[in-house]
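Shown next, in structure tokens, is the structure this report addresses.
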Amino acid sequence: MRRRDFISLLGGAAVVWPLAAAAQQSTNRKRLAIFSPSQPSADLHEHSESKVSPALFAELRRLGQIEGQNLKVESYGREQNTSGPEALATEIVRSNPDVILVVGPGGVFFKKLTSRIPIVVITGDPVRQGLAESLAHPGGNFTGASIDAGPSIHGKRIALLREMVPTMSKLGCLGLRQQWHGPVTGPGIRAAADTAGLPLAVSLLEIGASEADYRAAIESISRDGANAVMVLDSPEVDQNSTLVAKLVGDAKLPAIFTHPAPVEAGGLMAYSFDLIELYKRVANNIDAILRGAKPGDIPIYQVTKFELSINLKAAKQLGLSVPPALVASADKVIE
């Protein structure tokens with residue numbers, strides 16, 4: 001072979017080999033579908049401005065699952081939720097991804113749609129929802145993390161709010177309709193309020209609720225005579241937590257939240273779990289499934305550690321005197 005032909009052959013190979021490698025990598029990429037119909041789809045990727053998604057993808061990257069390389073991420077957020085969450089879930093199942101991450105109470109939709117595709121959930125009690133046989137041995141095609149620490153958590157939040165507002169005589173509840181009418185949240189809170197001797201003023205929202213909807217919901221709670229509010233945990237309400245903190249403040253309603261972000265934005269108090277730690281846990285579930293593990297063999301993580309946050313400025317604006325013992329027990333105090 002002449003020297004010039006040999007060099008040309010090498011040059012051609014230098015171009016073809018990387019292209020072939022890239023094509024093979026593209027072919028071998030696993031598909032992760034993320035179902036979170038309350039969030040903007042832009043928040044469901046590695047470089048989003050969300051606090052939790054970067055934690056999810058950083059852990060996946062650490063484990064070797066890298067978006068854009070060996071992992072294709074398909075996000076199904078608020079923009080895709082045009083026909084309702086159940087229709088969106090049906091669309092995802094039809095696309096047949098390798099694994100689905102479900103954020104919020106939508107696991108029940110997928111339970112009806114597939115017993116084959118592995119599903120990782122971040123939700124309330126998955127056993128009572130019928131998604132798993134037990135936390136230790138889920139069985140079937142579900143695993144993930146449960147934000148439900150048992151019914152006592154509702155009583156704990158009510159007790160903390162009552163310690164802050166000793167005159168509380170009626171408790172307002174602001175949450176997602178689908179969540180409240182499920183088998184876990186509504187019954188648990190009603191039982192805790194009954195034990196505490198508190199009547200409820202419940203105001204419920206749909207996925208995709210507008211600012212006007214939130215304003216009307218809080219006005220309804222105030223009109224019904226509630227003098228304190230418990231804001232329930234859901235991706236829908238979390239997306240609007242800063243707005244909720246402002247609206248309950250304007251309505252002079254002391255409120256307890258399930259995450260610290262609204263307290264940092266001016267809300268009164270929160271009794272919360274570490275959401276970033278939760279996303280890291282499910283990243284490990286996703287990695288294990290992509291490497292061949294069966295979801296039903298992966299124990300479901302249940303939150304056990306909670307932190308109390310208090311905003312003293314918000315308390316002052318509400319005319320509340322914060323008990324020193326409550327301040328001393330807080331993990332985070334905003335002056």
Side-chain angles (χ1 to χ4, degrees), residues 35-44 49-52 75-89 102-106 108-109 122-124 147 154 157 161 170-182 184-190 193 199-270 272 275 314 318:
F35 172 88
S36 187
S38 297
Q39 292 181 262
S41 55
D43 281 0
L44 305 177
E49 295 181 1
S50 159
K51 288 184 178 180
V52 292
S75 59
Y76 295 82
R78 185 186 300 159
E79 296 86 346
Q80 290 74 35
N81 185 35
T82 54
S83 301
E86 193 161 5
L88 186 59
V102 178
V103 181
V108 290
F109 300 140
I122 299 176
T123 189
I147 63 171
H154 306 305
R157 288 194 174 109
L161 191 54
K170 192 172 191 177
L171 176 65
C173 290
L174 179 72
L176 195 62
R177 184 178 304 279
Q178 177 190 345
Q179 169 194 27
W180 182 263
H181 290 304
V184 181
T185 303
I189 292 174
R190 285 193 293 269
L200 294 175
V202 180
S203 202
L204 303 175
L205 299 154
E206 307 294 344
I207 291 176
S210 66
E211 179 174 338
D213 294 329
Y214 278 86
R215 192 177 300 277
I218 291 166
E219 287 173 355
S220 173
I221 286 172
S222 183
R223 192 168 53 249
D224 285 350
N227 48 4
V229 179
M230 184 157 62
V231 182
L232 311 188
D233 177 73
S234 73
E236 170 67 34
V237 180
D238 293 344
Q239 279 293 118
N240 295 278
S241 60
T242 299
L243 170 64
V244 173
K246 179 183 184 304
L247 292 175
V248 294
D250 291 346
K252 300 298 181 184
L253 285 169
I256 187 165
F257 296 84
T258 56
H259 295 296
V263 179
E264 295 164 5
L268 176 61
M269 62 193 303
S272 59
L275 198 54
L318 290 165

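What's counted below: heavy atoms across the whole structure, side chains too, no hydrogens, waters or symmetry copies.
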Would you please name every residue forming a side chain to side chain contact (heavy atoms under 4.5 Å, CB included) with [X], sequence neighbours left out?
X	answer
Ser234	Leu176, Gln179, Glu236, Val237
Pro40	Asp43, Arg78, Glu79, Gln239
Glu49	none
Pro260	Glu264, Ser272, Ser309

Roughly how far, to the nearest 0.5 Å, is [atom2] of [Y] from [atom1] of [X]?
X	Y	atom1	atom2	result
Met230	Ile221	CE	CD1	11.0 Å
Leu247	Arg215	CG	CZ	5.0 Å
Leu205	Trp180	CG	CH2	12.5 Å
Asp250	Ile218	CG	CD1	9.0 Å
Ser203	Asp213	OG	CG	10.0 Å
Ile147	Thr258	CD1	OG1	7.0 Å

*Short question: side chain of Ser50, backbone of Val52 - any donor-acceptor pair under 3.5 Å?*
yes
*Kindly indicate whether the side chain of Pro262, heavy atoms from C-beta on, has any atom under 4.5 Å from the side chain of Val231.*
no
*After noting the C-alpha distance and the side-chain angles of Phe257 and Val244, does the key distance pass the side-chain contact (heavy atoms from CB on, under 4.5 Å) rule?*
CA-CA 10 Å; Phe257 296 84; Val244 173; 3.8 Å; yes
*Just do the side-chain contact (heavy atoms from CB on, under 4.5 Å) check on Leu174 and Val248 with the steps written out, would you?*
CA-CA 10 Å; Leu174 179 72; Val248 294; 5.6 Å; no
Quick check: closest heavy atoms across [X] and [Y], and the distance to 0.1 Å?
X	Y	value
Lys170	Ala201	CE-CB, 4.1 Å
Phe109	Pro85	CE1-CB, 3.6 Å
Gly188	His154	C-CD2, 3.6 Å
Ala226	Leu253	O-CD2, 3.4 Å
Leu161	Ala255	CD1-C, 4.2 Å
Thr123	Gly104	OG1-O, 3.3 Å

*Partners meeting salt bridge (charged side-chain N to carboxylate O under 4.0 Å, His left out) with Glu206 (sequence neighbours left out)*: Arg177
*asked:* For Arg190 and Val202: C-alpha separation, side-chain torsions, deciding distance, then whether side-chain contact (heavy atoms from CB on, under 4.5 Å) applies.
replied: CA-CA 10 Å; Arg190 285 193 293 269; Val202 180; over 6 Å; no
*Before giving the answer on side-chain contact (heavy atoms from CB on, under 4.5 Å), spell out for Asp238 and Asp233 the whole-Å C-alpha distance, their side-chain angles and the decisive distance to 0.1 Å.*
CA-CA 7 Å; Asp238 293 344; Asp233 177 73; 3.6 Å; yes
_Residue pairs passing the side chain to side chain donor-acceptor pair (under 3.5 Å) test where at least one lies in residues 216-230, sequence neighbours excluded_ = Ser169-Asn227
